[in-house]
Every structure is written in structure tokens, then in C-alpha cells.
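The model shown is predicted, which means the values in this text are computed figures rather than measured ones.
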Amino acid sequence: VQVGKSGILTPVANLRPVRLAGTTVRRASLHNFDELSRLDVRCGDTVLIEKAGEIIPQVVEVDRGLRPANTRPFRPPQQCPECGHKVAKDEGGVYVRCPNPDCAAQLKERLRYFAGRDQMDIPHLGPALIDQLVESGLVRTSVAEIYRLTQDELLRLDRMADRSAANVMAAIQTSKTRPLWRLIAALGIRHIGVQSAQVLAEHFGSLEALMAATVEDLSGVDQIGPTIAQSVHHFFHNPRNKNTIERLLADGVRPVAPQRSARTDSPLSGKAVVVTGTLEGFTRQQAHEAVRLAGGRSSDTVSKKTHFVVAGREPGSKLDKARALGIPVLDERQFRQMLGPGPS
């Protein structure tokens with residue numbers, strides 16, 4: 001059972017390693033305990049797995065003919081496996097949560113997410129170091145505390161030499177001036193991913209303006225629906241979250257406002273673009289950023305409003321949906337041609 005950054009307890013299947021769609025898979029999501037019960041997955045089972053959204057391995061079926069004898073259904077925990085706090089199920093929902101905001105496992109996950117490549121992108125601040133920071137008490141309650149770490153404190157940790165500590169400190173310092181969308185994404189706001197963080201950054205232009213926005217202001221933003229609007233508004237009006245942001249700003253985090261000089265001379269200008277599969281010359285985030293710089297809008301969902309789908313290797317169901325809707329599909333060479341040489 002894995003404890004997430006928002007306290008959700010997720011059952012995860014540990015697997016005998018297997019190759020799937022180009023990677024070796026050792027773990028697969030079981031989503032929630034209702035799904036675990038529906039599938040009736042038990043220790044020792046043989047299961048069928050697939051990659052949801054072409055990325056996340058998930059269990060979809062159990063081969064009961066190969067089930068070992070004397071297995072028992074897995075029972076949801078009544079207490080958090082990390083902090084021991086009594087868990088609670090979402091009212092009217094499927095998720096079981098640890099409601100303890102000071103749960104060390106949640107803090108570790110928030111830190112891992114905050115420092116991730118698609119958020120604040122802090123190299124050298126990896127999972128093993130994050131575990132040490134929390135377990136040693138150097139980080140106790142908030143992601144903001146990493147900006148008050150000293151090199152001497154890091155040197156007291158296991159397997160931390162001068163050069164390693166200096167690299168960590170430099171990476172943390174550099175992250176203080178990341179683009180605004182990265183900070184919005186890193187805060188862990190429910191329903192907010194990279195794409196919606198970029199949309200919000202572009203629209204509001206500053207963290208202060210976003211924090212002051214009403215639900216109506218947020219709902220009026222293109223690609224931001226009422227559920228996301230409520231979530232964002234709730235996050236910024238939570239005293240604990242407001243305190244974290246105040247500490248980040250007090251310790252020198254200065255997110256860079258988006259440049260509003262998107263091109264209008266590109267074939268992608270004003271167009272909605274979905275990227276699917278693996279590209280040779282771009283990570284998924286680099287492709288989204290290239291679309292934005294070309295004046296387009298990136299989306300994760302193919303719909304009638306999509307103008308182009310860029311398909312790399314192993315594109316999956318998004319390509320099928322694009323073809324069914326008659327949406328133009330670009331390969332990587334065509335995508336590069338439409339991006340052009342970039343703004344002067």
C-alpha cells in the first residue's frame with residue numbers, strides 16, 4: 001500500500017519483472033481498494049497488465065486458473081501503514097485516505113513531486129536524499145523547508161560528500177527562478193497537471209493574481225472547468241497551503257512570469273495539439289513547450305476541438321481516436337517542419 005502526496009492510500013501490485021511496451025515493469029497500479037476487490041487480486045496471482053495512457057502499468061485481469069491454493073482477499077488497512085493514523089474513505093468516493101497532514105510519507109511524496117522533472121526540476125534531490133531529509137528531521141512539515149537547508153546540514157547525512165552537497169545546494173538555488181507554471185504544477189493542487197498549470201500561468205501572469213482569483217475568474221479561463229476552478233480556489237484559501245507559499249516567497253523563490261510573445265506566424269498558432277507515443281527528438285514536456293512557443297495549445301485529450309495529433313512510436317488509442325474523428329496526424333518530421341526555425 002502506497003501513501004500519496006494527498007494522503008490517498010493506493011494498492012500497488014509488486015510483479016515478477018516483465019517487458020511491456022519497451023520498458024521493464026515491476027509494479028502496477030490497482031487504483032483503489034474498490035477496484036482491488038472487483039478484480040479480486042491476491043498475492044501469488046498471475047495477472048494481465050497494460051499501460052494506461054501509454055505510460056502507467058495497471059492490472060486489468062486475473063487468471064484465476066493459475067491462482068495458488070489457500071489465498072485470501074487483500075483487506076484494506078484501517079490505519080495508515082506509515083504513520084498509524086486511522087484512515088477514512090472519501091464521502092461518496094472510492095479513495096481511502098490518511099487524514100494526518102503531518103504524515104511523513106505524504107511529505108516525502110510531496111517533496112518528490114515538487115522536485116520532479118515536470119515540476120520544479122531539481123536534479124540531485126532524488127528519492128533517497130528526500131527520505132533522509134525527512135527521516136533526519138531536516139524537513140519536517142513543508143516543501144518550502146528545502147530552501148532553508150545549509151551545506152553543513154547536508155554533509156551530516158549518510159553518503160553525502162562535499163561535491164554532492166554543493167550540487168544539491170546549487171540545484172535548489174537554481175530552482176528559485178523557474179517559470180511560473182512549474183511552481184503552479186509543483187504545488188500539488190488537485191486536478192492540476194503541467195498543461196493546466198501552463199494555461200493558468202499564461203492567463204494570470206503572476207502567482208499573486210492567481211491566488212486572488214475567484215472561482216468565477218478561474219472558470220472563465222479556456223480549458224479550466226468548474227471542477228478545476230473549485231480545486232484551485234480551495235487550495236489557495238487553505239491556511240496551510242498559504243503558509244507554504246508565503247515561506248517559499250520569503251526564502252527567495254521568484255517564479256518567472258510567462259513571456260506573452262507567442263508566435264502568430266506558425267502553422268500551429270492558435271491550434272490545439274495532442275502529442276502521443278514516443279518522439280525521438282523531444283521528451284513529452286519538450287514537445288508541449290515547443291507547441292506553446294509556436295503559439296499553439298497542448299492538450300492531453302483528443303476531441304473534435306483538436307487540430308493536430310503528433311504521433312511517435314507506440315502511439316496507442318489516441319491515434320485511433322484521431323483517425324476516427326478525421327483529425328490530421330503528423331509524424332515527427334512533419335511536426336518539426338510546422339514548428340519551423342523558431343521565433344527570431
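Between K51 and T23 there is a side-chain heavy-atom pair separated by less than 4.5 Å. Using a 4.5 Å cut-off on side-chain heavy atoms (C-beta onward), Q286 and L279 make no contact. Side-chain contact between I245 and F235 is present, with at least one heavy-atom pair separated by less than 4.5 Å. Within the 4.5 Å cutoff, the side chain of R42 has heavy atoms near those of the P73 side chain. Contact check for L154 versus L149: side-chain heavy atoms found under the 4.5 Å cut-off. You'll find the side chain of V232 stays beyond 4.5 Å of the side chain of I224, heavy atoms only. In this structure, W181 and V194 have side chains that are in contact, with non-hydrogen atoms separated by less than 4.5 Å. No side-chain heavy atom of N243 sits under 4.5 Å from any side-chain heavy atom of S142.
Rounding to the nearest 0.5 angstrom, the gap separating the CG atom in L249 from the CG atom in L207 is 6.0 Å. Separating the CD1 atom in I49 from the OG atom in S29 is a distance of 11.5 Å, to the nearest 0.5 Å. Atom CD of Q337 sits about 9.5 Å away from atom CG of L330, to the nearest 0.5 Å. Separation of atoms CD (Q285) and CD (Q198) is listed at 5.5 Å; rounding is to 0.5 Å. Distance check, rounded to the nearest 0.5 Å: CZ of R336 to CZ of F282 gives 4.0 Å. Atom CE of M120 and atom CG of L187 lie 8.5 Å apart (nearest 0.5 Å).
Within a 6.0 Å sphere centred on OH of Y147, heavy atoms belonging to other residues, nucleotides or ligands number more than 12. Counting non-hydrogen atoms of neighbouring residues, nucleotides and ligands closer than 6.0 angstrom, the NE2 atom of H191 exceeds 12 such neighbours. Within 6.0 Å of CD in Q223 there are more than 12 heavy atoms belonging to other residues, nucleotides or ligands. Annotation: R159, atom CZ; neighbour count of heavy atoms from other residues, nucleotides and ligands within 6.0 Å does not exceed 12. More than 12 non-hydrogen atoms from other residues, nucleotides or ligands lie less than 6.0 angstrom from CZ of R240.
Heavy-atom minimum distance, T71 versus R67: OG1-CD, 3.4 Å. The shortest non-hydrogen separation linking A294 to L339 is CB-CD2, 3.9 Å. Here the closest non-hydrogen pair linking D251 and K176 is O-NZ, 3.1 Å. The two residues F236 and M211 come nearest to each other via the heavy atoms CD2-CG, 3.5 Å. Considering all non-hydrogen atoms of both residues, D121 and R182 come closest at CB-NH1, 3.7 Å. Nearest heavy atom pair, residue G193 against residue A185, reads O-CB, 4.5 Å.
Here the side chain of R19 pairs a donor or acceptor atom with the backbone of G22 at under 3.5 angstrom. Checking side-chain atoms of D45 against main-chain N and O of V47 turns up no donor-acceptor pair under 3.5 Å. Counting only distance, with no hydrogens or angles, the side chain of S196 and the backbone of I192 share no donor-acceptor pair below 3.5 Å. Formation of a donor-acceptor pair under 3.5 Å by the E332 side chain with backbone atoms of E280 is found in this model. No donor-acceptor pair closer than 3.5 Å links the side chain of H233 to the backbone N or O of A229. Judged by distance alone, the side chain of K318 and the main-chain N or O of T276 form no donor-acceptor pair under 3.5 Å. Checked by atom type and distance alone, the side chain of S231 never pairs as donor or acceptor with a backbone atom of T227 at under 3.5 Å. At least one donor-acceptor pair closer than 3.5 Å links the side chain of S175 to the backbone N or O of I172. Distance alone, capped at 3.5 Å, is enough to place a donor-acceptor pair between the S219 side chain and the V215 backbone. Proximity of a side-chain donor or acceptor of E109 to a complementary backbone N or O of Q106 within less than 3.5 Å is not detected.
Note on V1 and L107: separate hydrophobic clusters, where clusters join Ile, Leu, Val, Met, Phe, Trp and Tyr whose side-chain heavy atoms are under 4.5 Å apart, directly or indirectly. Residue V12 is not grouped with residue V59 when hydrophobic side chains (ILVMFWY) are merged at heavy-atom distances under 4.5 angstrom, including chains of intermediate members. If you chain together hydrophobic residues whose side chains sit under 4.5 Å apart, I122 and V256 never meet in one group. Tracing side-chain contacts under 4.5 Å through hydrophobic residues (I, L, V, M, F, W, Y), one never reaches I8 starting from I189; they form parts of separate clusters. Criterion: ILVMFWY side-chain heavy atoms under 4.5 Å apart, direct or through other members. Under it, V60 and V94 are not part of a common hydrophobic cluster.
Side chains of D217 and T214: a donor-acceptor N/O pair is present below 3.5 angstrom, by distance only.
E202 has a carboxylate O that lies under 4.0 Å from a charged side-chain N of R292, or vice versa, which qualifies the two as a salt bridge. Between K242 and E246 there is no salt bridge, since no side-chain N of the basic residue sits under 4.0 Å from a carboxylate O of the acidic one. Between R284 and D300 no salt bridge is recorded (no basic side-chain N to carboxylate O distance below 4.0 Å).
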| query | Can you list the steps and then say if F114 with L248 is a side chain to side chain contact (heavy atoms under 4.5 Å, CB included)? | reply | CA-CA 12 Å; F114 185 86; L248 287 168; 4.2 Å; yes
| task | Carefully, step by step, assess V143 and Y113 under the rule side chain to side chain contact (heavy atoms under 4.5 Å, CB included). | result | CA-CA 10 Å; V143 297; Y113 186 79; over 6 Å; no
| Does the pair L15 and R26 meet the rule for a side chain to side chain contact (heavy atoms under 4.5 Å, CB included), with working shown? | CA-CA 5 Å; L15 309 169; R26 293 178 171 82; 5.6 Å; no
| request: Could you go through the side chain to side chain contact (heavy atoms under 4.5 Å, CB included) check for L30 and T10 one step at a time? | output: CA-CA 7 Å; L30 290 161; T10 303; over 6 Å; no
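Of the listed residues (R247, R110, R140), just one forms a salt bridge (charged side-chain N to carboxylate O under 4.0 Å, His left out) with E145, and that residue is R247.
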